[in-house]
There are 2 protein chains.
Amino acid sequence: MSRVLVVDDDPQLLRALRITLRAAGHEVVTAADGRTALHEAAAAHPDVVVLDLGLPDLDGTEVLAGLRPWFSGPVLVLSARGDSHDKVAALDAGADDYVSKPFDMSELLARLRALLRRGAPEVDEPVVRTAHFTVDLAARQVTAGGVPVRLTPTEWALLSELVRAPGRLVGQRQLLQTVWGPAYEKETNYLRVYLAQLRRKLEPDPAAPRYLRTEPGMGYRFTP
Amino acid sequence: MSRVLVVDDDPQLLRALRITLRAAGHEVVTAADGRTALHEAAAAHPDVVVLDLGLPDLDGTEVLAGLRPWFSGPVLVLSARGDSHDKVAALDAGADDYVSKPFDMSELLARLRALLRRGAPEVDEPVVRTAHFTVDLAARQVTAGGVPVRLTPTEWALLSELVRAPGRLVGQRQLLQTVWGPAYEKETNYLRVYLAQLRRKLEPDPAAPRYLRTEPGMGYRFTP
DNA sequence: ACCGGTCTTGACGGGTTCCTGACGGGGCCG
DNA sequence: CGGCCCCGTCAGGAACCCGTCAAGACCGGT
């Protein structure tokens, strides 16, 4: 039916979840720490992620932050802490639901059903190609002419935001907000500087942009 | 920002929710029983519904059942009962989230943010075609004969306002207000200048407008 | 402490867009 | 027939936006 990635460091709970989810007709992939969670998410392309916040290596919110830039499906967060402050933080970090331990298994399944029902109609094609370069959203890698291109974190954030909406215009306010934060809405300088760098690295002729076009006064557009 | 329909029979809680939601930047519509809830939902077109299960006239699940066939936005259910059986029933009846009373207000707001972030799937067909040009509202792009047409921000704002109401007359006051702001209600000059530019870019014969027609003394009309 | 890479910030020239006023034509009404 | 209102057109200057460059701040690793 659908593929679920379960991330938890408790082997017993992991086992219980695996059995229950499989009985409910799901395909199950598991990870016991944050690093493998991110790796598995990129490799297995799950439809939904169940994420425990208490992991041995990374903080759960870090996993969430690593997931969100490219993973568009729902994320259900599990946590031993029922503090409402934690809930708000996790939800605002990109989680779609938050369940406190101990939880009722049938409720968890119902919440997963509710999340999957809203099913992402978005085709999860995490790799975008043009005649001159390729962007792999999941692997966070860009290649031009077969050669990998080095991008700084900011450059990547900007490019992925544009590439995720192929052909659509992305307003400068939206770009500034998602890449730098809501406080930088007016700093259109940044866009000019970083768009120039991206064009220098990706465009065949940076002076005459073909893929990263600018719409004066409105924003930028990636056209494949 | 977005419109929230709150359904609850407790006037005190209703008041608290109205104040808090409005402070968070939402537009709030309220209903105290199931019948008016269904009526308001149809009339006000809310983006999200907060629904208390304990209503005087109808059972909350009945309201949910009456809502779901046509309302595609998210529904967050409130309930005094924290029983997991109730939760499963409500979620499987079409609810997107379930919060037990008493609840923490900041958590409720965060859950609403999470639901709204998933954005309502736009049922509207955001692309308008004529024999000579095409307007894609979502991508913010206009093409004439397959070739993209460059529009300035003001031109686009004006065109999209007209195209959003195909065949209907749009008053000059409304155009001036939404494009330039409420202070420019009398500057009908602007409309003349920019309509001329749009016609020059889109009409096959700008001197004899076929799509962007003017209704003397009233406003303009886009006829596909 | 040094150093390389990255991010911020400021300034400048060239091009575009916006606003504004003026002019002429056409329809409506007295 | 004449006056008035409304609309379309044009052009010029001011304001704005973009691309570019370069220097300083910041940060992490050595």
Side-chain angles (χ1 to χ4, degrees), chain A residues 140 142 148-162 169-222, chain B residues 140 142 148-162 169-173 175-181 183-222:
Chain A
R140 287 193 174 225
V142 181
V149 179
R150 272 191 51 81
L151 292 186
T152 74
T154 310
E155 287 165 4
W156 171 259
L158 189 54
L159 178 66
S160 67
E161 192 66 20
L162 284 169
L169 186 146
V170 187
Q172 23 193 24
R173 206 156 307 142
Q174 184 187 337
L175 287 171
L176 289 165
Q177 217 161 356
T178 61
V179 176
W180 282 274
Y184 293 76
E185 267 188 7
K186 306 276 182 183
E187 306 286 341
T188 57
N189 275 351
Y190 298 4
L191 291 179
R192 294 202 288 265
V193 172
Y194 279 92
L195 255 299
Q197 291 185 2
L198 282 175
R199 294 206 253 245
R200 215 171 300 141
K201 291 184 177 181
L202 299 178
E203 289 277 0
D205 179 9
R210 185 170 156 184
Y211 302 108
L212 301 171
R213 297 206 174 150
T214 153
E215 304 274 341
M218 305 205 276
Y220 293 84
R221 183 197 306 273
F222 166 73
Chain B
R140 283 201 172 202
V142 180
V149 179
R150 280 189 46 81
L151 292 187
T152 74
T154 311
E155 288 165 5
W156 171 260
L158 189 55
L159 178 65
S160 69
E161 193 65 21
L162 283 169
L169 183 141
V170 187
Q172 20 193 23
R173 202 164 314 136
L175 287 172
L176 288 165
Q177 214 164 341
T178 61
V179 175
W180 281 274
Y184 294 76
E185 267 186 8
K186 305 280 183 184
E187 307 285 342
T188 57
N189 275 348
Y190 298 4
L191 291 179
R192 293 203 286 266
V193 172
Y194 280 92
L195 255 298
Q197 291 187 2
L198 282 175
R199 294 205 253 245
R200 213 171 302 141
K201 291 184 177 181
L202 300 178
E203 290 277 0
D205 178 9
R210 184 169 156 186
Y211 302 109
L212 300 170
R213 298 205 174 151
T214 155
E215 305 276 341
M218 320 246 302
Y220 293 84
R221 182 198 306 272
F222 166 72

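In what follows, chains are A, B, ... by sequence order, proteins preceding strands, each numbered from 1.
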Worksheet item: What is the distance, rounded to the nearest whole Å, between atom CG of A/Leu195 and atom C1' of D/dC21?
Response: 16 Å

Worksheet entry | Nearest heavy-atom neighbours spanning B/Leu162 and B/Phe222 | O-CB, 3.8 Å

Practice prompt. Please determine if a side-chain N or O atom of A/Thr154 lies less than 4.0 Å away from the OP1 or OP2 oxygen of C/dC7.
Written response: yes

Fill in: d(CD, A/Gln197; P, C/dT8) in whole Å
11 Å

Item to complete: Indicate whether OP1 or OP2 belonging to D/dC18 is found under 4.0 Å from a side-chain N or O atom of A/Gln172.
Response: yes

Response to the item:
Whole-Å distance, A/Glu187 CD to D/dG19 P, equals 17 Å

Worksheet, complete the sentence: Of C/dC19, D/dG8, C/dC18, the nucleotide closest to the side chain of B/Tyr220 is D/dG8

Worksheet item: With a 4.0 Å cut-off, would you call A/Glu155 and A/Lys201 a salt bridge?
Response: yes

Discussion item. Nearest to the B/Trp180 side chain among C/dC19, C/dC7, C/dT20, which nucleotide is it?
Written reply: C/dC19

Item to complete: Indicate, with a heavy-atom threshold strictly under 4.0 Å, whether A/Thr214 touches base, sugar-phosphate, or nothing.
Response: sugar-phosphate

Practice prompt. Rounding to 10 degrees, work out the angle separating the end axes of the helix from C/dA1-D/dT30 to C/dG30-D/dC1 (five pairs an end).
Written response: 30°

Practice prompt. Counting heavy atoms from C-beta on, name the nucleotide in D/dC10, C/dT20, D/dG19 closest to the side chain of B/Arg200.
Written response: D/dC10

Fill in: Which atom of B/Arg221 lies closest to which atom of B/Leu169, heavy atoms considered
NH1-N, 3.7 Å

Response to the item:
Testing D/dG19, C/dT16, C/dT20 for proximity to the side chain of B/Arg150, the answer is C/dT16

Practice prompt. Consider the side chain of B/Val193, meaning its heavy atoms from C-beta on, and name the nucleotide among C/dT6, C/dG21, C/dT9 that approaches it most closely.
Written response: C/dG21

Worksheet, complete the sentence: Closest heavy-atom pair, A/Glu161 versus A/Leu175, reported as atoms and distance to 0.1 Å, is CG-CD2, 3.7 Å

Discussion item. Distance check needed: C/dT20 P versus B/Arg192 CZ, whole Å only.
Written reply: 14 Å

Practice prompt. Go through the structure and list residues passing side-chain contact (heavy atoms from CB on, under 4.5 Å) with A/Glu185, not counting sequence neighbours.
Written response: A/Arg173, A/Gln177

Worksheet item: Out of D/dG19, C/dT6, D/dG8, which has the shortest distance to the side chain of A/Pro153?
Response: C/dT6

Discussion item. Could you tell me how far apart A/Met218 (CE) and D/dC17 (P) are, to the nearest whole angstrom?
Written reply: 13 Å

Worksheet item: Looking only at heavy atoms, what is the nearest atom pair of A/Met218 and B/Pro153, with distance?
Response: CG-CG, 3.7 Å

Worksheet item: Of the options B/Val149, B/Leu198, B/Leu195, B/Thr154, which is the one that meets B/Leu159 in a side-chain contact (heavy atoms from CB on, under 4.5 Å)?
Response: B/Leu198

Worksheet, complete the sentence: For B/Arg150 and A/Pro216, the nearest pair of non-hydrogen atoms, with its separation, is NH2-CG, 3.2 Å

Response to the item:
Atom OH of B/Tyr194 and atom C1' of C/dT20 are separated, to the nearest Å, by 11 Å

Practice prompt. Output the single nucleotide from C/dT17, D/dC18, C/dT9 whose closest atom is nearest the side chain of B/Thr152.
Written response: C/dT17

Worksheet item: In whole angstroms, how far is the P atom of D/dC7 from the CG atom of B/Leu175?
Response: 12 Å

Discussion item. In whole Å, I'd like the distance from the CG atom of B/Leu158 to the C1' atom of C/dC18.
Written reply: 14 Å

